[in-house]
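Report on the structure given below.
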Amino acid sequence: MLLAAAVATWKGWQIHHGKAAVLAYVLGVLALAMGVWDLTRKVPTPRV
């Protein structure tokens with residue numbers, strides 16, 4: 001997800017203005033948040 005965030009942000013930077021750039025930035029932020037959440041969450045303990 002962190003790689004997806006980097007690519008989306010880079011594409012937004014290339015487009016640089018307009019609705020497509022804003023969408024790319026939003027997707028980059030969401031992918032970054034999901035990547036950080038996945039790396040920092042605790043692994044659930046299995047129930048016995």
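As the structure is a prediction and not an experimental result, all values here were calculated from the model. All residue numbers in this chain count up from 1 along the given sequence.
Here CE of Met1 is found 8.5 Å from CG of Leu30. Values are rounded to the nearest 0.5 Å. Distance check, rounded to the nearest 0.5 Å: NZ of Lys11 to OH of Tyr25 gives 12.5 Å. Between the CG atom in Leu32 and the CG atom in Leu27 there is a gap of 12.5 Å [rounded to 0.5 Å].
Here the shortest heavy-atom pairing between Ile15 and Ala20 reads CD1-CB, 4.0 Å. For the residue pair Gly12 and Ala21, the shortest heavy atom distance occurs at O-CB, 3.8 Å. Of all heavy-atom pairs spanning Gly28 and Ala5, the tightest one is O-CB, 3.4 Å.
Note on Trp37 and Met34: separate hydrophobic clusters, where clusters join Ile, Leu, Val, Met, Phe, Trp and Tyr whose side-chain heavy atoms are under 4.5 Å apart, directly or indirectly.
The closest side-chain heavy-atom distance from Val29 to Thr9 is not below 4.5 Å.
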